[in-house]
There are 2 protein chains.
Amino acid sequence: MSAGHTDVTEEQELVCDTPPDECGVRDLVDRIGGKWSAYVLVELAAGMRRFKELQRAIPGGVSQRMLTLTVRHLERDGLLTRTVRPTVPPQVEYELTEMGRDCTTLIRALADWEVAHRPAITAHRAAFDAANPGFTGR
Amino acid sequence: MSAGHTDVTEEQELVCDTPPDECGVRDLVDRIGGKWSAYVLVELAAGMRRFKELQRAIPGGVSQRMLTLTVRHLERDGLLTRTVRPTVPPQVEYELTEMGRDCTTLIRALADWEVAHRPAITAHRAAFDAANPGFTGR
DNA sequence: CCGTATCCAACTAGATACTG
DNA sequence: CAGTATCTAGTTGGATACGG
């Protein structure tokens, strides 16, 4: 670089180019950044699911409590609907809303990106770890 | 599972429609799901930044520690480069890699989605809160 | 200026037990 | 089956102080 860009003066103004005070990033991460939210959305993208089905579909195994909190949170934000059917035993079905499907498409794009670039990322990590043997906070 | 819903047979197969064991969602969230990663990437999308510039650009104010951890993590994954210039006082510049720019585009799409739908989300929340006065875990 | 180290507060997540 | 409640462990994040 050096020679090329020379006097930096303003560069690109030091703001992220989505203008307003908030880029939406913070809220976005707060909303679907939970450990399970993305999984629930992606699973629900395949169709309506009952509570237990959701729980069993998520890799790693989510506890009842966390799944409850997650779906409630998503329901509150209008990303999915919760339908209680007065059968016995009780049955509760979760389904994405229009907005939820919309959002899930984007999440899926990110997930697909991750899968595609995983080899490259793994390689970078190995190189970094080799170059920084004593790096704490990995 | 007595009378009502009987044998469900297969429904939609109970798997998320990205076939493999992992949808990439978990790793993705682990990677850029941190409180600051997305912000750093978006800010860096506007161009090279020095440490202090990054810190001041991020709304809410990130501590030195967290910013250090975040950029190190992103550097390790190959999403940005860290260049130390032996000047005095020291100067360290961060810049997105090709892969980082790629990823940031998708994050930006999600952030833009959030901004566009924020009114709807807010409305849903208000309705939900009104309907569930005693909801703990908001 | 750019970090690292230490300590501490807050939040997140799991296990378990109990209710409708 | 589908939660709720409680308690606890682990992790994340912030403040501060200090070193290169």
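We name chains A, B, ... by the order of the sequence lines, and we start the count at 1 in each one. Predicted model only: the values in this text are computed from it and were never measured.
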Seminar exercise, completed: Residue pairs passing the ring-ring contact (aromatic ring centres under 6.0 Å, His included) test with at least one member in residues 42-61 of chain B, sequence neighbours excluded, are none

Exercise. Through what angle, rounded to 10 degrees, does the axis of the helix from C:dC1-D:dG20 to C:dG20-D:dC1 turn between its ends, using five pairs per end?
Worked result: 40°

Exercise. Can you tell me how far P of C:dT4 sits from CG of B:Leu67, to the nearest Å?
Worked result: 11 Å

Exercise. NZ of B:Lys52 versus C1' of C:dG3: gap in Å, rounded?
Worked result: 11 Å

Problem set entry | Nucleotide C:dC1, atom C1' - distance to CZ of B:Arg56 in whole Å | 13 Å

Problem set entry | NZ/NE/NH1/NH2 to OD/OE distance under 4.0 Å, B:Glu43 and B:Arg49 | yes

Problem set entry | Interatomic distance, B:Arg49 CZ vs C:dC1 C1' [rounded to whole Å] | 17 Å

Exercise. Could you give the CG-to-P distance, from B:Leu69 to D:dG13, as a whole number of Å?
Worked result: 9 Å

For this session: Using whole Å, report how far CZ of B:Arg50 lies from C1' of C:dC1.
Result: 7 Å

For this session: Could you pull out all residues at least two apart from A:Lys52 that satisfy side chain to side chain contact (heavy atoms under 4.5 Å, CB included)?
Result: A:Gln55, A:Arg56

Problem set entry | Test item: B:Glu53 side-chain N/O and B:Arg50 main-chain N/O as donor-acceptor pair under 3.5 Å | yes

Problem set entry | Residues that B:Val84 engages under side chain to side chain contact (heavy atoms under 4.5 Å, CB included), provided they are two or more places apart | B:Arg82, B:Val92

For this session: Could you check if a side-chain atom of B:Leu28 sits within less than 4.5 angstrom of a side-chain atom of A:Ile107, using non-hydrogen atoms only?
Result: no

If you look only at distance, which donor and acceptor atoms sit under 3.5 Å apart when one is on a side chain in residues 58-65 of chain A and the other is two or more places apart or in another chain?
| unit_1 | atom_1 | unit_2 | atom_2 | d |
| --- | --- | --- | --- | --- |
| A:Ser63 | OG | A:Met66 | N | 3.3 |

Exercise. Given atom CD of B:Gln55 and atom P of C:dC2, what is their separation to the nearest angstrom?
Worked result: 9 Å

Problem set entry | Phosphate contact (C:dT4 OP1 or OP2) by B:Arg72 side-chain N/O below 4.0 Å | yes

Exercise. Within less than 4.0 Å of OP1 or OP2 of D:dG3, is there a side-chain N or O belonging to A:Tyr94?
Worked result: yes

Seminar exercise, completed: The contact string for nucleotides 6-20 of chain C, one letter per nucleotide 5' to 3', using protein heavy atoms under 4.0 Å with B, S and - for base, sugar-phosphate only and none, comes out as B------BBB-B--B

For this session: Under the side-chain hydrogen bond (donor to acceptor under 3.5 Å, both in side chains) rule, collect the residues that match up with A:Arg125, sequence neighbours excluded.
Result: B:Asp77

Donor-acceptor pairs under 3.5 angstrom involving side-chain atoms of residues 95-106 of chain A: please list them, not counting sequence neighbours.
| unit_1 | atom_1 | unit_2 | atom_2 | d |
| --- | --- | --- | --- | --- |
| A:Thr97 | OG1 | A:Gly78 | O | 2.7 |
| A:Thr97 | OG1 | A:Leu79 | O | 3.2 |
| A:Thr97 | OG1 | A:Met99 | N | 3.4 |
| A:Thr97 | OG1 | A:Gly100 | N | 3.0 |
| A:Glu98 | OE1 | A:Arg101 | NH2 | 3.3 |
| A:Arg101 | NH1 | A:Leu96 | O | 3.2 |
| A:Asp102 | OD2 | B:Trp113 | NE1 | 3.3 |
| A:Asp102 | OD2 | B:His117 | NE2 | 3.4 |
| A:Thr104 | OG1 | A:Gly100 | O | 2.6 |
| A:Thr105 | OG1 | A:Arg101 | O | 3.0 |

Exercise. OP1 or OP2 of D:dG3 less than 4.0 angstrom from a side-chain nitrogen or oxygen of A:Arg82, does that happen here?
Worked result: yes

For this session: For B:Phe51 and D:dG20, give me the distance from atom CZ to atom C1', rounded to whole Å.
Result: 15 Å

